[in-house]
Amino acid sequence: MQLKISEIVAATGGRLLNDDTGKIVTSISTDTRTIETGALFVPIVGPSFDGHEYIGAAAEKGAICALTERQNAPTDTDIPLIYVGSGRRALLDLAHFYRMKHDVKVVAVTGSAGKTTTKDMMAEILGQRFKTKRTIKNFNNEIGMPLSIFRLEPDDEVLVLEMGMNHAGEIHELSLAGAPDYAVITHIGDAHIENFENREGILHAKLEIADGLRAGGTIILNGDDPLLTGEIAAKKIAGLRALFPGKKNIYAAEAVGFQETRCRFHWNGADVDVTVPIPGAHMVMNALLATVVGLEMGVSPAEITRAFENFTPPEGRLNIFEARGMTVIDDVYNANPASVIEAIKVLCRSPENPVASRRLSGGGEREAEAQVSGRRVAILGDMEELGHVAEARHRECGEFAARAGVDLLIAVGKLSRFIYEGFASVGGNGVHFEKSEDFRPDEFLKTGDTVLIKASRGMQFEKIVDKIKG
């Protein structure tokens, strides 16, 4: 990165409070712990913190310039300061400026579930042919996404951006900043519904990803999602080039062992054979969406096949390992009702999962064979940000778990009491704990069990994974 301070002033609409030293900014940071020599420091103000208190510390660590929302320059530093009305707004504006300085194709992805995995699949596919950057981890908000854009280098060809949201209007701003050439929506569910009246509200918010789509751009929507193929979406994307991959493009998908699904996709005359190294029908759809992006951007079927051979699933997302004689399905990264149900299907290999039950070569349907010989145990925790539907959705997940064939439910958390009650109402055998500290694996788990562990990020269920590993 090389940005003149005058460029930063112009891009942010800011005002220089003291002299421009003529130095060149070579990196951008919002955290003094990651400051490098030559950095621009962007202080972020939150409910319980104020980054302005650290401008002096940033300068000591090598920052040569800083933004500020304070019109009076602090006396403990003499680096150039640029006054802006909002540091967050300035960060987005500067990210857009920097994105437009680079001749790259930008692919943006959002959805109620599957964003990070689909982002990583797309980056792996596009990286077979193009020099590709992607969103750091899941830095997908108004602060994290710009930091991913600032990693662009002059010879980069593709940037894959994940866009998340909690409220209406957030993806609108992210899309304007990222100016995508391709926009992908994986799924519309109940994640973050506490800030919306219903799923239609979430749909409107997710469709904001089209707001920054560049002229001639393409939007790719899950063709099996009734909201993404409905009237609201049709009005929003009218006039745009829109593609709807769905089950009609999945010619075959067959579970191989417990963790992989061997698939054949068909798109615009091309057949693509891939092995998806993460279990579940929803992962097949994510892989299809990523494959379509690759084909649309000129990646060959052979390159896409190779990309999936090299693909490593993100940590904490349906990762399967053996521990103390048990098979453990580690899906602790996050949870919402749709992803919990899909994870339970993986645990039970439910016949309700039609994609996982197709033969690769025969084309006929068959019931999925049971993949689990011992008990099926689900350790489920609270699903956050569900607001007014929290009790109902937790109960529904419990009821589904019982009907799918879970042998033992271990529910952990205040909201998860409703998972336990739903499970018990259908005759399931389970226990409930208010806190994860109260759960002792040795008292409930035994050799031969297959154990699913899943909850929202705030539940910190990785601690339960560590307990089971011993």
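Arg306 meets the side-chain contact (heavy atoms from CB on, under 4.5 Å) test with Gln128, Glu303, Glu309, Asn310; sequence neighbours excluded. Residues satisfying the salt bridge (Lys or Arg N to Asp or Glu O under 4.0 Å) test with Asp331, not counting sequence neighbours, are Lys454. In this structure Asp93 satisfies the side-chain hydrogen bond (donor to acceptor under 3.5 Å, both in side chains) test together with Arg89, sequence neighbours excluded. Taking Lys435 as the reference, nothing meets the salt bridge (Lys or Arg N to Asp or Glu O under 4.0 Å) condition, with sequence neighbours excluded.
Of all heavy-atom pairs spanning Pro80 and Leu16, the tightest one is CB-CD1, 4.2 Å. In plain terms, the two heavy atoms of Gly212 and Pro180 that are nearest each other are O-CD, 3.6 Å. When every heavy atom of Met121 is checked against every heavy atom of Ile278, the shortest pair comes out as CE-CD1, 4.3 Å. Contact detail for Gly246 and Leu288: the closest heavy-atom pair is O-CD2, 3.4 Å. Of all non-hydrogen atoms in Ile237 and Ala242, the two that sit nearest each other are CD1-CB, 3.6 Å. Counting all heavy atoms, side chain and backbone alike, His432 lies closest to Gly413 at NE2-O, 2.7 Å.
The side-chain tip of Arg457 points at the ring of Tyr333 from less than 6.0 angstrom away and within 45° of straight on.
Checked by atom type and distance alone, the side chain of Thr12 never pairs as donor or acceptor with a backbone atom of Leu94 at under 3.5 Å. Checking side-chain atoms of Glu399 against main-chain N and O of Gly422 turns up no donor-acceptor pair under 3.5 Å. The backbone N or O of Lys115 sits nowhere less than 3.5 Å from a side-chain atom of Lys119 that would complete a donor-acceptor pair. Not a single donor-acceptor pair under 3.5 Å links the side chain of Ser456 to the backbone N or O of Gly458. A donor-acceptor pair is defined here as one N or O able to donate and one able to accept, closer than 3.5 Å; no such pair exists between the side chain of Asn249 and the backbone of Trp267. Distance alone, capped at 3.5 Å, is enough to place a donor-acceptor pair between the His102 side chain and the Tyr98 backbone. With Ser339 contributing its side chain and Ala335 its backbone, the two residues share no donor-acceptor pair below 3.5 Å. In terms of modelled atom types and a separation under 3.5 Å, the side chain of Glu69 and the main chain of Gly87 share a donor-acceptor contact. Ser175 contributes no side-chain N or O that, together with a main-chain N or O of Ile171, makes up a donor-acceptor pair within less than 3.5 Å.
Residues Val293 and Val109 are not in side-chain contact: their nearest non-hydrogen atoms beyond the backbone lie 4.5 Å or more apart. Side-chain contact between Arg440 and Lys467 is absent, with no heavy-atom pair separated by less than 4.5 Å. Under the 4.5 Å side-chain criterion, counting only non-hydrogen atoms from C-beta, Ile202 is in contact with Met165. Considering only heavy atoms from C-beta on, Pro337 stays 4.5 Å or farther from Val389 through its side chain. Residues Leu3 and Phe97 are in side-chain contact: their nearest non-hydrogen atoms beyond the backbone lie under 4.5 Å apart. Annotation: side chain of Leu415 is not in contact with side chain of Leu386 (no heavy-atom distance under 4.5 Å). Counting heavy atoms from C-beta on, the side chains of Ser112 and Lys206 come closer than 4.5 Å. Side-chain contact between Val292 and Phe265: absent, with no pair of heavy atoms (C-beta onward) separated by less than 4.5 Å.
The neighbour count for Asp155 CG, taken as heavy atoms of other residues, nucleotides or ligands under 6.0 Å away, is above 12. Sparse packing is recorded around CG of Asp103, with 12 or fewer heavy atoms of other residues, nucleotides or ligands lying under 6.0 Å away. A 6.0 Å sphere centred on CZ of Phe308 holds more than 12 heavy atoms belonging to other residues, nucleotides or ligands. Within a 6.0 Å sphere centred on NZ of Lys4, heavy atoms belonging to other residues, nucleotides or ligands number 12 at most.
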Could you go through His172 and Asp211, starting from their C-alpha distance and side-chain angles, then the distance that decides it, and tell me whether this counts as side chain to side chain donor-acceptor pair (under 3.5 Å)? CA-CA 6 Å; His172 168 81; Asp211 292 352; 2.7 Å; yes
Decide side-chain contact (heavy atoms from CB on, under 4.5 Å) for Ile344 and Leu380; before the verdict, give the C-alpha distance in whole Å, the side-chain angles of both, and the deciding distance to 0.1 Å. CA-CA 10 Å; Ile344 291 169; Leu380 303 180; 4.2 Å; yes
side-chain contact (heavy atoms from CB on, under 4.5 Å) evaluation trace for Glu142 with Leu91: CA-CA 8 Å; Glu142 60 186 349; Leu91 197 63; over 6 Å; no
Should Leu295 and Ile304 be marked as a side-chain contact (heavy atoms from CB on, under 4.5 Å) after you check the CA-CA gap, both sets of side-chain angles, and the distance that decides it? CA-CA 8 Å; Leu295 292 172; Ile304 294 172; 3.7 Å; yes
Before you tell me yes or no, could you show the steps for Ile64 and Thr26 under side-chain contact (heavy atoms from CB on, under 4.5 Å), namely the whole-Å CA-CA distance, both residues' side-chain angles and the distance that decides it to 0.1 Å? CA-CA 10 Å; Ile64 61 170; Thr26 55; over 6 Å; no
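Atoms NZ and CG, on Lys137 and Asp120 in that order, are 12.5 Å from each other to the nearest 0.5 Å. With values rounded to the nearest 0.5 angstrom, Glu157 atom CD is found 12.0 Å from Leu152 atom CG. Taking OG from Ser436 and CD1 from Ile410, the interatomic distance works out to 12.5 Å, rounded to the nearest 0.5 Å. The OG1 atom of Thr32 sits 7.0 Å away from the OH atom of Tyr54 when rounded to the nearest 0.5 Å. A distance of 11.5 Å separates CG of Asn140 from CD1 of Ile136, quoted to the nearest 0.5 Å. Rounding to the nearest 0.5 Å gives a distance of 9.5 Å between CG of Asn18 and CD1 of Ile82.
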Mind listing the side-chain donor-acceptor pairs of residues 390-398 below 3.5 Å, one per line with the distance, residues two or more places apart or on another chain?
from   : atom 1 : to     : atom 2 : distance (Å)
Glu391 : OE2    : Arg395 : NE     : 3.2
Glu391 : OE2    : Arg395 : NH2    : 3.2
Arg393 : NE     : Asp190 : OD2    : 2.5
Arg393 : NH1    : Glu396 : OE2    : 3.3
His394 : ND1    : Ala390 : O      : 2.7
His394 : NE2    : Met383 : N      : 3.0
Arg395 : NH1    : Glu421 : OE1    : 3.1
Arg395 : NH2    : Glu421 : OE1    : 2.7

Enumerate, atom names and distances included, each donor-acceptor pair closer than 3.5 Å involving a side-chain atom of residues 36-45, sequence neighbours excluded.
none

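Checked for salt-bridge contact, Asp330 and Lys469 miss the test: no charged N lies under 4.0 Å from a carboxylate O. Salt-bridge check for Glu153 with Lys133: passed, with a basic side-chain N closer than 4.0 Å to an acidic carboxylate O. Comment: Arg99 engages Asp181 in a salt bridge, judged by a side-chain N to carboxylate O separation of less than 4.0 angstrom. Between Asp382 and Lys414 there is no salt bridge, since no side-chain nitrogen of the basic residue lies less than 4.0 Å from a carboxylate oxygen of the acidic one. Between Glu296 and Arg241 there is a salt bridge, since a side-chain N of the basic residue sits under 4.0 Å from a carboxylate O of the acidic one.
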